[in-house]
Amino acid sequence: MTEVATLRPYACQQVFRSRAPSRSRHGCQCKAVCAASTKPSKHHISMCTNKTCKKQGCQQVIQFAQDLALDELEIETCGCLGICGNGPNMIVDPPGTQLSHVSSPAKFVEVLDFICNIQVPDVFLKATELRLQGNAEARGGDLPAAERAYSKGIELEMSKGKHTLHANRSGVRLTLGNAQGALDDAEAAVKLGPASFTTAYIRQVSYA
């Protein structure tokens, strides 16, 4: 079986593992009940952003959580939570559970499902995968492939989260010489994103 995430609620330790058949659409189960019987109005997540956890993928998980923009979820960064090398590490409160190996948006979705009883639409996860694919293509120098990946994400039917795709495609389009397309994407990112997403405003001003 494939390990998904390790949980450390205070002194005890529990493990998420895949199984078949599953009681969940994500194919995982929790070996112990961590959540309270009554669903709280909001969960607070603190995620380590120290050097080791950064190398293990905490930043893409944080970006994904912020893009979700869920009223019942707050996320913030924090310092080292210990057990370095098993990250990214984070704490979910309630129920006050520390988790390890939450290294991708897909694993974070499993945490939300089992610990917080929050379900994330599959389309949102797909859009995030396309954004990360586009980022990888851009870093590798294949800007046309990056633009195609971002465009596929933008074409998906979802109510939020497209601002980062538009912002990323905006930068790629400008480098490719499509100034109007870059400006259009920057304006779309401003319109769709939260006020705190300053990248969109900077690009809108720069490209106008």
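Numbers here are sequence positions counted from 1.
- Considering only residues two or more places apart in sequence or on other chains, Glu76 meets the salt bridge (charged side-chain N to carboxylate O under 4.0 Å, His left out) condition with none of them.
- Partners of Asn178 by side-chain hydrogen bond (donor to acceptor under 3.5 Å, both in side chains), not counting sequence neighbours: none found.
- Contact check for Thr77 versus Met47: no side-chain heavy atoms found under the 4.5 Å cut-off.
- For the pair Val172 and Leu176, the minimum side-chain heavy-atom distance is below 4.5 Å.
- Taking all atoms of both residues into account, the shortest heavy-atom contact from Leu81 to Ser46 is CD1-O, 4.2 Å.
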Side chain to side chain contact (heavy atoms under 4.5 Å, CB included) between Gln66 and Ile75, intermediate numbers included:
CA-CA 7 Å; Gln66 291 172 340; Ile75 186 162; 4.1 Å; yes
Report the C-alpha separation of Val111 and Met90 in whole Å, then their side-chain angles, then the decisive distance to 0.1 Å, and conclude whether the side chain to side chain contact (heavy atoms under 4.5 Å, CB included) test is met.
CA-CA 11 Å; Val111 169; Met90 70 183 200; 3.6 Å; yes
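- Sorted by first and then second residue, the salt bridge (Lys or Arg N to Asp or Glu O under 4.0 Å) pairs with a member in residues 124-136 read Asp67-Arg131; sequence neighbours excluded.
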Test side chain to side chain contact (heavy atoms under 4.5 Å, CB included) on Ile91 and Ile45; report intermediate values, then the result.
CA-CA 6 Å; Ile91 293 175; Ile45 293 178; over 6 Å; no
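- Pairs engaging residues 187-197 under the side-chain hydrogen bond (donor to acceptor under 3.5 Å, both in side chains) rule: none recorded [sequence neighbours left out].
- Residues Ala167 and Ala189 approach most closely at N-CB, 4.0 Å, considering heavy atoms.
- Within the structure, ring-ring contact (aromatic ring centres under 6.0 Å, His included) contacts touching residues 68-98 (residues at least two apart or in different chains) do not occur.
- Summarising the geometry of His43 relative to Ile115, their closest heavy-atom pair is CE1-O, 4.1 Å, with the distance given to 0.1 Å.
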Hey, can you pull the donor-acceptor pairs under 3.5 Å for the side chains in residues 147-158, sequence neighbours left out?
{"from": "Glu147", "atom 1": "OE2", "to": "Arg173", "atom 2": "NE", "distance (Å)": "2.9"}
{"from": "Tyr150", "atom 1": "OH", "to": "Gly134", "atom 2": "O", "distance (Å)": "3.4"}
{"from": "Tyr150", "atom 1": "OH", "to": "Asn135", "atom 2": "N", "distance (Å)": "3.1"}
{"from": "Tyr150", "atom 1": "OH", "to": "Asn135", "atom 2": "OD1", "distance (Å)": "2.6"}
{"from": "Ser151", "atom 1": "OG", "to": "Glu147", "atom 2": "O", "distance (Å)": "2.9"}
{"from": "Ser151", "atom 1": "OG", "to": "Arg169", "atom 2": "NH1", "distance (Å)": "2.9"}

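- The hydrophobic cluster around Leu183 extends to Leu174, Tyr207, counting ILVMFWY residues whose side-chain heavy atoms fall within less than 4.5 Å of a member.
- Here the shortest heavy-atom pairing between Ser103 and Gln60 reads O-NE2, 3.0 Å.
- Legend: ring-ring contact (aromatic ring centres under 6.0 Å, His included) pairs involving residues 159-206, not counting sequence neighbours, sorted by first then second residue: His163-Phe197.
- In this structure, His44 contributes its side chain and Leu73 its backbone to no donor-acceptor pair below 3.5 Å.
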If you apply the rule side chain to side chain donor-acceptor pair (under 3.5 Å), what do you find for Asn89 with Gln98, and how did you get there?
CA-CA 7 Å; Asn89 302 307; Gln98 182 170 329; 5.0 Å; no
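- The cluster map of Ile, Leu, Val, Met, Phe, Trp and Tyr, joined by side-chain heavy atoms under 4.5 Å apart, puts Leu132 and Ile62 in different clusters.
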If you apply the rule side chain to side chain contact (heavy atoms under 4.5 Å, CB included), what do you find for Val92 with Leu99, and how did you get there?
CA-CA 8 Å; Val92 182; Leu99 302 96; 3.3 Å; yes
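- For the pair Pro95 and Thr97, the tightest heavy-atom approach, listed with the atom from each and the gap, is CG-OG1, 3.0 Å.
- Within the model, atoms CG of Leu125 and CZ of Phe108 stand 11.5 Å from one another, a figure rounded to the nearest 0.5 Å.
- Cys80 and Gly82 get closest at one heavy-atom pair: SG-N, 3.2 Å.
- Within the structure, the salt bridge (Lys or Arg N to Asp or Glu O under 4.0 Å) test picks out no pair touching residues 79-91 (sequence neighbours left out).
- Hydrophobic clustering (side-chain heavy atoms under 4.5 Å, transitive across Ile, Leu, Val, Met, Phe, Trp, Tyr) groups Leu70 together with Val123.
- Using a 4.5 Å heavy-atom threshold, the side chains of Leu112 and Leu68 count as touching.
- Each ring-ring contact (aromatic ring centres under 6.0 Å, His included) pair with one or both residues in residues 47-93, not counting sequence neighbours, appears once here: Phe64-Phe124.
- Residue pairs meeting the salt bridge (Lys or Arg N to Asp or Glu O under 4.0 Å) criterion with at least one partner in residues 193-208, sequence neighbours excluded, do not occur; the list is empty.
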Just list the side-chain donor-acceptor pairs under 3.5 Å for residues 48-58, sequence neighbours left out, or say none.
{"from": "Gln56", "atom 1": "OE1", "to": "Gly87", "atom 2": "N", "distance (Å)": "2.9"}
{"from": "Gln56", "atom 1": "NE2", "to": "Gly85", "atom 2": "O", "distance (Å)": "3.0"}

